[in-house]
Amino acid sequence: SSSNFFIPYSEIREVIIRKGVESVVTNMLGSMITANFLTIKTSRKTYDYRLPVSKNGTFEQIHYWLSVVVPAKVFAH
């Protein structure tokens with residue numbers, strides 16, 4: 001089985017990146033995980049991803065580069 005996956009640029013309708021905090025409960029102890037969330041919407045499907053914070057740059061840097069390379073409107077929330 002292949003782990004390769006792609007979404008053709010021509011199918012991308014909208015990209016949304018947002019800052020967020022998730023709470024995760026493990027063994028009765030809760031922890032907060034800060035993450036950036038990326039949503040890619042096509043005409044057929046919506047894809048949701050969680051991006052680690054600061055690993056690929058700041059939120060603003062990620063938003064900037066997505067705006068440069070993705071041929072669709074990139075919204076920041």
Can you give each donor-acceptor pair under 3.5 Å made by side-chain atoms of residues 39-47, sequence neighbours left out, with the distance rounded to 0.1 Å?
residue, atom, partner, partner atom, Å
T39, OG1, D48, OD1, 2.8
T42, OG1, R44, N, 3.2
T42, OG1, K45, N, 2.9
T42, OG1, K45, O, 2.9
R44, NH2, E11, OE1, 3.1
R44, NH2, E11, OE2, 3.2

Per-pair distances, 0.1 Å, donor-acceptor, side chain in residues 62-77, under 3.5 Å, sequence neighbours excluded:
residue, atom, partner, partner atom, Å
H63, NE2, V74, O, 3.3
S67, OG, H63, O, 2.8

- Query: Do the side chains of L51 and F6 join up, straight or via other hydrophobic residues, at under 4.5 Å, putting them in one cluster?
  - Reply: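 Different clusters.
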- Going from OH on Y49 to CG on N36, what distance comes out if it is rounded to the nearest 0.5 angstrom?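 Y49 OH to N36 CG: 15.5 Å, rounded to 0.5 Å.
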- Which heavy atom of E14 sits nearest a heavy atom of I16, and at what distance?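 The pair with the smallest heavy-atom distance is OE2-CD1, 3.2 Å.
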- Task: Is it possible for you to check whether R50 lies under 6.0 Å from the centre of the six-membered ring of F37, through NZ or CZ, and within 45° of that ring's axis?
- Result: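 The answer is no, since R50 fails at least one limit relative to F37.
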